[in-house]
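Worksheet: one structure, shown below.
Throughout, a chain's letter reflects where its sequence line sits, starting with A, and its residues are numbered from 1. Reckoned from all heavy atoms, side chains included, excluding hydrogens, waters and symmetry mates.
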Amino acid sequence: MVSRSMNVRTRFAPSPTGYLHVGGARTALYCWLEARHHGGQFILRVEDSDRERSTDAAIEAILDGMRWLGLDYDEGPFYQTRRLDRYRQVAEDLLAAGKAYRCYCSRERLDNLRKTAMSRGQKPRYDGHCRTRNEPAPGISPVIRFRNPDHGTVVFHDQVKGRIEWANDELDDLIIFRSDGFPTYNFAVVVDDLDMAVSEVIRGDDHVNNTPRQINIYQALGATVPSFAHLPMILDKEGHKLSKRNNAVGVMEYREAGFLPHALLNYLVRLGWSHGDQEVFSRQQMIDFFTITDVNKAASRFDMSKLAWLNQHYLKQDDPASLAPELTWHLQRTGMDVSQGPDPEAVVVALRDRVHTLKEMAERARIWYAPIAEWDEKAIRKHLCNATAGNVLQTALRSFASLPDWNPDAIKAIINTIAHEQELGMGKVAQPLRVAMTGGGVSPSIEHTVYLVGRDEAIRRIEEALSRR
RNA sequence: GCUCCCUUCGUCUAGCGGUCCAGGACGCUGCCCUCUCAAGGCGGAAACACGAGUUCGAUUCUCGUAGGGAGCACCA
């Protein structure tokens, strides 16, 4: 067996049966943070030993998700299906040492065992029929079972849950090798974690029940047991398990919905973990402050509005230049021709106080990249069809046409002048212009709205607005 | 059914025996600011599941109850 160093080594071990979902992403994040915090290694391992359900597309989807989130790994990805010889060898060793045995029991016998145990109010467990017998049965290719200790208890100190104790007589002789020649999960993880010298096993708390069994296997192999940290689940808004039906669960769906990877990461890191009252964490701060022992024991609910708040926080905080490429991606996805409008960077600045996601931003930016699609009749009646709007628009039209320098400040100056000279409040000047520029009554500050429309188009739109009065 | 785990405002959480008639954040809400929508500023409502112990003193420790979750596969 490989000897373990004091070095912190964590691993994220998804099974490739679907995309990377938010629960998995948080597990990956915590594994990554724990490794980075201690200057150790983060390993990616694909648990594809169930070749019925594993697909290459799922592997790609998971890798994509990790890449988007920026969770880089130091080793891997390793694949269990390429390590079959190794599992066989370890199983043979166990067999030779008498710590495992071949079992020829039929599925029918096993089913009956389960049923009678349940009917007697007991936990279904294997009765050890083949422990001593070991007689080949015709037509049955045997499985290999681990000989679990009969007495005593297994105690471990979970870094999240605390002390957990398990009676060995609750455990039965689990199958470590299937009749089809493939290892089972509980066996493969142990061999993998051992070979990869994983020092901290961090995973979802749906695995706590497996841990005592795995510890017994470690001990049978004469290996040091790693430390365990079992993370509570992430529930949906209603407190139910996250499901694809009612929730966006795939990490890449969040990209499509207009979220920033670091906003998602920041949201996820605070979901079940805290560092005093701090809400906003840079990547480096997460690494500096993260400690697995501060993770909460209880499940938590996924709250979209808080994620949205964080996302907007980063939209406001980040360098617009860094946001521009991602906005462009969204603009193109909504069918906008980016070459037909302003620099996306300027759009970010104009809209980031007004939206929560880049998707929303792209939608709202439509007014600058495409002709006005529809005119809001109510807004026209209110802001265009009044006594003063006509004159305001006429004046603006002339002033814009002769403006030497087309920029927000100059535009703002013109608007101020119009208000002053015509003795009107800002509302009487800005709103008619806004309707002319956008077809509706809502947009960013009027000077930016006008500026981003561009001089020629602004003039054209004012003319059109005039004709619609 | 059996085993294990969990339980502070609607939500995420701080709290690690007295500092708590419980703090922060999101959300909700009042006011201010204001060219619309936002953003921002200043306020507000809002929680220790319940019951016994231990203790001079429990949100904090122990045990029950209730509620929730997970696992009990030749799935991971």
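For F182(A), there are no ring-ring contact (aromatic ring centres under 6.0 Å, His included) partners at least two apart in sequence or on another chain. For T211(A), the side-chain contact (heavy atoms from CB on, under 4.5 Å) partners are F156(A), R203(A), I215(A), F228(A), H230(A), not counting sequence neighbours. Here Y87(A) pairs with nothing under the ring-ring contact (aromatic ring centres under 6.0 Å, His included) rule; sequence neighbours left out. Partners of F289(A) under the ring-ring contact (aromatic ring centres under 6.0 Å, His included) rule, at least two apart in sequence or in another chain, are H275(A). In this view, N296(A) satisfies the side-chain contact (heavy atoms from CB on, under 4.5 Å) rule with no residue, not counting sequence neighbours. Not counting sequence neighbours, N391(A) has no partner by the side chain to side chain donor-acceptor pair (under 3.5 Å) test. Remark: K161(A) pairs with D205(A) by the salt bridge (charged side-chain N to carboxylate O under 4.0 Å, His left out) rule, at least two apart or across chains. When the ring-ring contact (aromatic ring centres under 6.0 Å, His included) test is applied to H448(A), no partner is found at least two apart in sequence or on another chain.
The CG-P distance, from N311(A) to A39(B), rounds to 14 Å in whole Å. Atom C1' of nucleotide A39(B) and atom CD of Q312(A) are separated by 7 Å, given to the nearest angstrom. Between the C1' atom of G10(B) and the NZ atom of K237(A) lies a distance of 8 Å, rounded to the nearest Å. Per the geometry, CZ belonging to R301(A) stands 13 Å off C1' belonging to C6(B), to the nearest Å.
Here the separation of G71(B) from C63(B), taken at their C1' atoms, is 25 Å to the nearest Å. Taking atom C1' in both A14(B) and A25(B), the straight-line distance is 11 Å, to the nearest Å. Taking atom P in both A66(B) and C21(B), one finds a spacing of 32 Å when rounded to whole Å.
Closest-nucleotide positions on RNA chain B for D48(A) and D277(A) were compared, and the one nearer the 5' end corresponds to D277(A).
At a threshold of 4.5 Å between non-hydrogen side-chain atoms, the residues D173(A) and F146(A) do not count as touching.
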Sub-3.5 Å pairs of nitrogen or oxygen atoms, protein against nucleotides 69-73 of chain B:
| from | atom 1 | to | atom 2 | distance (Å) |
| --- | --- | --- | --- | --- |
| A70(B) | O2' | N209(A) | ND2 | 3.4 |
| G71(B) | O4' | N209(A) | ND2 | 2.9 |
| C72(B) | O2' | P124(A) | O | 3.1 |

Do any N or O atoms of the protein come closer than 3.5 Å to N or O atoms of nucleotides 27-31 of chain B, and which pairs are they?
none

Nucleotide N/O to protein N/O under 3.5 Å, stretch nucleotides 32-35 of chain B:
| from | atom 1 | to | atom 2 | distance (Å) |
| --- | --- | --- | --- | --- |
| C35(B) | O2' | Q431(A) | OE1 | 3.4 |
| C35(B) | O2 | R434(A) | NH2 | 2.1 |
| C35(B) | N3 | I446(A) | N | 3.4 |
| C35(B) | N4 | E447(A) | OE1 | 3.3 |

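Closest to the K316(A) side chain, of the nucleotides G40(B), C74(B), C5(B), is G40(B).
Contact check, R178(A) against C75(B): a side-chain N or O comes under 4.0 Å of OP1 or OP2. Distances shown here put every side-chain N or O of S274(A) at or beyond 4.0 Å from the OP1 or OP2 atom of G24(B).
For K412(A) and D409(A), the salt-bridge test fails: no basic side-chain N is under 4.0 Å from an acidic carboxylate O.
Listed by first then second residue, pairs satisfying side chain to side chain donor-acceptor pair (under 3.5 Å) with a partner in residues 305-314 of chain A read N266(A)-Y314(A), E279(A)-K306(A), D303(A)-S305(A), not counting sequence neighbours.
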